[in-house]
Amino acid sequence: MRAKKQEITLTLDMAWDLCLEQWDWVKAEKEANPKLSASTLKGQWCEENGFEDIYYNCFFCEYANQQPRIDFDSPRCDNCPGCLVDPEFDCNKEKYYYCRKPLEFRAELVRLNKIRLELKE
């Protein structure tokens with residue numbers, strides 16, 4: 001059964017929740033079959049959950065692209081939920097590059113989310 005397509009405007013908390021849910025699933029799939037591509041899995045999760053149209057199959061990118069830009073010379077990544085917690089966060093950073101090191105990437109998301117939640121208290 002195909003999931004119903006969802007049109008959403010993400011809040012910051014929604015972006016975090018959906019991203020973590022997606023990456024928990026990617027982690028489980030990669031552990032079951034390490035040969036699967038993280039990029040393909042992200043797209044598969046989005047399709048199965050009705051989010052085919054989000055930017056780069058990424059809830060952080062989608063959130064960042066929905067935010068108004070004050071400085072058009074700065075990259076959209078300035079509004080990335082990960083960068084809002086740690087300005088040094090970069091999903092392409094070799095240490096946890098999401099394509100090549102998806103388990104490390106998910107661990108980085110969990111680490112950042114813990115900091116985010118502590119800051120909210």
Side-chain angles (χ1 to χ4, degrees):
M1 183 170 115
R2 187 167 169 83
K4 185 178 178 189
K5 191 176 192 178
Q6 299 181 37
E7 299 273 336
I8 61 167
T9 299
L10 292 174
T11 65
L12 186 56
D13 285 338
M14 287 171 62
W16 274 100
D17 292 345
L18 288 166
C19 184
L20 290 166
E21 182 179 337
Q22 180 186 45
W23 279 95
D24 285 348
W25 183 84
V26 169
K27 176 183 184 274
E29 294 296 311
K30 285 290 287 180
E31 288 174 340
N33 185 349
K35 293 185 182 204
L36 294 173
S37 157
S39 292
T40 300
L41 289 169
K42 283 176 50 186
Q44 182 180 340
W45 187 93
C46 285
E47 185 175 326
E48 289 177 4
N49 289 280
F51 295 107
E52 299 95 335
D53 293 333
I54 68 161
Y55 193 63
Y56 289 133
N57 293 324
C58 176
F59 294 99
F60 281 11
C61 290
E62 182 71 16
Y63 175 83
N65 282 316
Q66 290 178 1
Q67 302 311 303
R69 289 179 81 176
I70 297 169
D71 178 0
F72 284 97
D73 292 328
S74 70
R76 284 257 185 221
C77 295
D78 287 349
N79 290 320
C80 168
C83 291
L84 295 174
V85 175
D86 178 356
E88 298 299 313
F89 174 76
D90 180 350
C91 60
N92 296 313
K93 190 176 273 187
E94 185 57 37
K95 180 179 177 181
Y96 51 78
Y97 179 40
Y98 79 96
C99 278
R100 282 188 238 130
K101 298 180 178 178
L103 302 182
E104 291 87 345
F105 182 76
R106 183 195 162 274
E108 179 66 4
L109 293 177
V110 169
R111 183 188 77 80
L112 292 175
N113 189 51
K114 182 178 178 192
I115 294 168
R116 176 185 80 94
L117 294 173
E118 289 171 355
L119 292 172
K120 285 177 77 172
E121 292 179 350

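FYI, the numbering just counts along the sequence from 1. Computed from heavy atoms alone, side chains included, the values below leave out hydrogens, waters and symmetry copies. Model, not experiment: these values are computed from the prediction.
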**Q** Say you draw a straight line from CG of Asp13 to OH of Tyr63; how long is it, rounded to the nearest 0.5 Å?
**A**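 Interatomic distance, Asp13 CG to Tyr63 OH, rounded to 0.5 Å: 9.0 Å.
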
**Q** Starting at OH of Tyr98, measure out to SG of Cys91 and round the result to the nearest 0.5 Å.
**A**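 If I round to the nearest 0.5 Å, the distance is 6.0 Å.
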
**Q** Closer than 3.5 angstrom, by distance alone: can the side chain of Glu62 be matched with the main-chain N or O of Tyr55 as a donor-acceptor pair?
**A**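 Flag set: sc Glu62 to bb Tyr55 pair under 3.5 Å.
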
**Q** What do you reckon, is NZ of Lys114 surrounded by more than 12 foreign heavy atoms closer than 6.0 Å?
**A**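 No, because the 6.0 Å sphere around NZ of Lys114 holds 12 heavy atoms or fewer from other groups.
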
**Q** Same cluster or not: are Leu117 and Leu84 linked, directly or through other Ile, Leu, Val, Met, Phe, Trp or Tyr residues, by side-chain heavy atoms under 4.5 angstrom apart?
**A**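 No, because Leu117 and Leu84 fall into different hydrophobic clusters, even though each may have its own neighbours under 4.5 Å.
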
**Q** If you round to the nearest 0.5 Å, how far is CG of Leu109 from CD of Glu104?
**A**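 Rounded to the nearest 0.5 Å, the CD-CG separation comes to 12.0 Å.
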
**Q** Which of parallel (below 30°), tilted (30 to 60°) and perpendicular (above 60°) describes Tyr96 and Phe105?
**A**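 Answer is tilted, since the angle falls between 30° and 60°.
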
**Q** When rounded to the nearest 0.5 angstrom, what distance separates CD1 in Ile54 from SG in Cys58?
**A**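 Result: 6.5 Å between the selected atoms.
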
**Q** Salt bridge between Lys95 and Asp90, side-chain N to carboxylate O under 4.0 Å?
**A**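 Salt bridge absent between Lys95 and Asp90.
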
**Q** Rounded to the nearest 0.5 Å, what separates atom CG in Asp24 from atom SG in Cys19?
**A**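 Separation between the atoms: 9.5 Å.
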
**Q** Same cluster or not: are Phe60 and Leu103 linked, directly or through other Ile, Leu, Val, Met, Phe, Trp or Tyr residues, by side-chain heavy atoms under 4.5 angstrom apart?
**A**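 The answer is no; the residues belong to distinct hydrophobic clusters.
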
**Q** For residues Tyr97 and Leu112: do they belong to one hydrophobic cluster (side chain heavy atoms under 4.5 Å, members Ile, Leu, Val, Met, Phe, Trp, Tyr)?
**A**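 They do share one cluster, since a chain of ILVMFWY contacts under 4.5 Å joins Tyr97 to Leu112.
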
**Q** Flag yes if more than 12 heavy atoms outside Glu88 fall under 6.0 Å of its CD atom; otherwise flag no.
**A**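 Counting other residues, nucleotides and ligands, CD of Glu88 stays at 12 neighbours or fewer.
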
**Q** What is the distance from atom CG of Leu20 to atom CG of Asn113, rounded to the nearest 0.5 Å?
**A**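 If we round to the nearest 0.5 Å, Leu20:CG and Asn113:CG are 5.0 Å apart.
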
**Q** Is there a path of hydrophobic side-chain contacts, each under 4.5 Å between heavy atoms of I/L/V/M/F/W/Y residues, joining Phe51 to Leu12?
**A**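 Yes.
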
**Q** Between Asn57 and Trp45, does a side-chain contact (heavy atoms from CB on, under 4.5 Å) hold up when you go through it step by step?
**A** CA-CA 9 Å; Asn57 293 324; Trp45 187 93; over 6 Å; no

**Q** Is it the case that the side chain of Lys30 and the backbone of Leu36 share a donor-acceptor pair, with hydrogens and angles ignored and the cut-off at 3.5 Å?
**A**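 Yes, Lys30 side chain to Leu36 backbone: donor-acceptor pair under 3.5 Å.
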
**Q** Would Trp23 and Phe59 count as a ring pair (Phe, Tyr, Trp, His ring centres under 6.0 Å) here? Give the steps.
**A** CA-CA 11 Å; Trp23 279 95; Phe59 294 99; over 10 Å; no

**Q** Report yes or no: does Gln66 contribute a side-chain atom to a donor-acceptor pair with the main-chain N or O of Leu10 at less than 3.5 Å?
**A**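 Yes, Gln66 side chain to Leu10 backbone: donor-acceptor pair under 3.5 Å.
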
**Q** Sub-3.5 Å donor-acceptor pair from the side chain of Lys42 to the main-chain atoms of Gln22, do we have one?
**A**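 Looks like no, no N/O pair under 3.5 Å.
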
